[in-house]
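What follows is a single structure, written as structure tokens, with notes after it.
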Amino acid sequence: MFAAQGGFSTVGLALGATAFGTLLVFAAFPRTAAHFRNGSLGFYECATLGGSAAFWYGTGSWVGNRTFGDAQKVRNHW
């Protein structure tokens, strides 16, 4: 199943996309970056970072599965 999903290429793509999304949030909202540095994030800031990470990880996994893996084998497995 790991190979059908694209293996380590998909993992690298998904984690890279997650890092990109996190940096994008920090670039768009500098106050969030300052609060993160100080360790004083509020609920909505944590939710923004978590939502961004979930979205970008899912997108990276989806793209990696179709680019590096065999999407038909994954679909047949489930």
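Remember, predicted model here, so these are calculated numbers, not experimental data.
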Student check: side-chain heavy atoms of Thr67 and Leu13 closer than 4.5 Å | no
Crowding at CZ, Phe68 (>12 non-hydrogen neighbours, <6.0 Å) | yes
Linking I/L/V/M/F/W/Y whenever any side-chain heavy atoms sit under 4.5 Å apart, do Phe29 and Phe36 land together?
-> yes
Which pair of heavy atoms, one from Ser61 and one from Ala14, lies closest together, and at what distance?
-> OG-CB, 3.7 Å
To the nearest 0.5 angstrom, please state how far the CZ atom of Phe26 sits from the CZ atom of Arg37.
-> 9.0 Å
Glu45 and Ser40 have their tightest heavy-atom pair at OE1-O, 4.1 Å
Which heavy atom of Ala4 sits nearest a heavy atom of Asn65, and at what distance?
-> O-OD1, 3.6 Å
The single option from Thr18, Leu24, Leu23 passing side-chain contact (heavy atoms from CB on, under 4.5 Å) against Phe20 = Leu24
Any chance you could measure Arg66, atom CZ, to Gln72, atom CD, to the nearest 0.5 Å?
-> 10.5 Å
Joint hydrophobic cluster, Phe8 plus Leu15, side-chain heavy atoms closer than 4.5 Å | yes
Residue pair Leu49 / Thr22, side-chain heavy-atom distance below 4.5 Å | yes
Phe43: which other cluster members, linking ILVMFWY side chains closer than 4.5 Å, directly or transitively?
-> Tyr44
Nearest heavy-atom pair of Leu41 and Thr32: which atoms, and what distance?
-> CD2-O, 3.7 Å
Taking C-beta and beyond as the side chain, do Met1 and Gln5 meet within less than 4.5 Å on heavy atoms?
-> yes
Please lay out, stage by stage, how Thr10 and Val63 fare under the test side chain to side chain contact (heavy atoms under 4.5 Å, CB included).
-> CA-CA 8 Å; Thr10 298; Val63 169; over 6 Å; no
